[in-house]
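All remarks here apply to the structure that follows.
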Number of protein chains: 2
Amino acid sequence: MGLTRTEIFTKEQNELAILLKAMAHPARVAILQHIIASKTCICGDLVDELGLAQATISQHLKELKNAGLIQGTIEGVSVCYCINPENWEKLKNQLNLFLGGYVASASCC
Amino acid sequence: MGLTRTEIFTKEQNELAILLKAMAHPARVAILQHIIASKTCICGDLVDELGLAQATISQHLKELKNAGLIQGTIEGVSVCYCINPENWEKLKNQLNLFLGGYVASASCC
DNA sequence: ATTATTTATTGCAATATTACGATATATTTT
DNA sequence: AAAATATATCGTAATATTGCAATAAATAAT
């Protein structure tokens with residue numbers, strides 16, 4: 001086999017898994033942190049910042065964009081990326097619901 | 001290549017990515033939700049609940065356990081799983097820091 | 001128009017993940 | 001001790017991910 005059986009899970013479970021997967025790589029965590037830290041669009045300083053090839057970073061950016069976590073606009077010869085505010089908020093809410101659903105009680109195991 | 005170059009990222013970035021990856025599958029989201037919803041240990045009703053083979057579920061449980069998100073104790077012939085309270089708290093804090101680091105401002109792109 | 005600059009895409013090799021049947025292990029019941 | 005029950009592990013096939021060199025595409029500067 002080798003392919004996730006998405007059809008047996010709920011839409012919510014699949015969507016959350018997709019968002020988590022988009023962030024589940026140290027390079028993509030680093031990219032997001034860099035975008036957040038710079039507090040504005042970043043235009044092409046990622047290749048110098050991280051130690052990965054340009055093609056690799058472009059690929060990671062594409063995945064983040066596909067997941068809707070970031071957005072980019074062409075700015076002359078370069079492309080500027082920033083967080084997608086709506087989706088970031090949605091993700092925060094979904095994760096808060098998911099993670100906050102657990103309330104530590106008397107340990108059972 | 002095909003293997004993540006962890007050495008070029010920080011310990012924090014790698015650890016967060018590992019935790020996110022552990023959750024980044026609909027089956028594992030479903031397993032965690034089921035454990036949380038039942039509010040106590042669950043002992044082997046996952047195979048009936050989800051539509052996956054026993055071997056597959058055992059594998060997913062192992063990954064969640066390796067990541068430290070759940071813990072299990074042998075209870076007679078079956079094994080009971082529950083959330084690992086300390087690590088769950090840690091994950092919540094790390095994610096809040098990460099996700100909360102972004103504050104929506106005047107959109108730039 | 002040519003050259004430089006920046007990002008995207010393609011192609012490919014190495015590795016990882018997903019799923020499951022078969023089988024092993026471990027405990028309880030008979 | 002043998003059978004039943006529950007979980008783990010092994011082996012394997014199918015698919016996905018990661019990384020990069022090479023190349024394409026698109027705009028800016030000369």
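Within every chain, numbering begins at 1; the chains are lettered A, B, ... in the order of the sequence lines, protein sequences first and strands thereafter. Keep in mind the model is a prediction, meaning the values are calculated, not measured.
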Can you find an N or O donor on one side and an acceptor on the other, under 3.5 Å apart, linking the side chain of B:Gln59 with the base of D:dA8?
-> no
So CG of A:Leu91 and CD of A:Glu89: to nearest 0.5 Å the spacing works out to 9.5 Å
Check whether any side-chain nitrogen or oxygen of [X] sits under 4.0 Å from OP1 or OP2 of [N], and answer yes or no.
X       : N      : answer
B:Lys21 : D:dT17 : no
B:Tyr81 : D:dA6  : no
A:His60 : D:dG19 : yes

Taking [atom1] from [X] and [atom2] from [N], how many angstroms apart are they, rounded to a whole number?
X       : N      : atom1 : atom2 : value
A:Ile70 : C:dA8  : CD1   : C1'   : 14 Å
B:Ile42 : D:dT7  : CD1   : P     : 9 Å
A:Leu64 : D:dT18 : CG    : P     : 11 Å
A:Asp48 : C:dT5  : CG    : P     : 13 Å
A:Met23 : D:dT17 : CE    : P     : 16 Å
B:Leu50 : C:dT18 : CG    : C1'   : 15 Å

For B:Lys62 and for A:Ala27, locate the closest nucleotide of DNA chain D by heavy-atom distance; then report the residue assigned to the nucleotide nearer the 5' terminus.
-> B:Lys62
Between B:Gln54 and A:Thr4, which is nearer to the 5' end of DNA chain D once each is assigned its nearest nucleotide?
-> B:Gln54
Candidates [options] - which lies nearest the side chain of [X]:
X       : options               : value
B:Val79 : C:dA8, D:dT7, C:dA19  : D:dT7
B:Ser78 : C:dC20, C:dA8, D:dA6  : D:dA6
B:Thr56 : C:dA19, D:dT9, C:dT18 : C:dA19
A:His25 : D:dT15, C:dA8, D:dT18 : D:dT18
B:Leu52 : D:dT7, C:dC20, D:dC20 : C:dC20

Indicate if B:Ile18 and A:Val29 have the same hydrophobic cluster label, given that clusters are the connected sets of ILVMFWY residues with side-chain heavy-atom separations under 4.5 angstrom.
-> no
Ion pair check, B:Lys65 and B:Glu63, cut-off under 4.0 Å = no
Going by an N to O cut-off under 4.0 Å, is there a salt bridge joining B:Lys11 and B:Glu15?
-> yes
Sugar-phosphate only, base, or nothing, as touched by A:Ala55 at under 4.0 Å among non-hydrogen atoms | base
Any sub-3.5 Å donor-acceptor pair from A:Asn84's side-chain atoms to A:Gln71's backbone N or O?
-> no
So, does B:Asn87 use its side chain to make a donor-acceptor pair with the main chain of B:Leu69 at under 3.5 Å?
-> no
Kindly give the atom pairs (protein nitrogen or oxygen, nucleotide nitrogen or oxygen) under 3.5 Å for nucleotides 24-30 of chain C.
none

Result for 5'-nearest mapping on DNA chain C, choosing between A:Arg5 and A:Asp45, is A:Asp45
Kindly check if the number of other-residue, nucleotide or ligand heavy atoms within 6.0 Å of CD1 (B:Ile74) is above 12?
-> no
A:Asp45 and A:His34, any side-chain heavy atoms less than 4.5 Å apart | yes
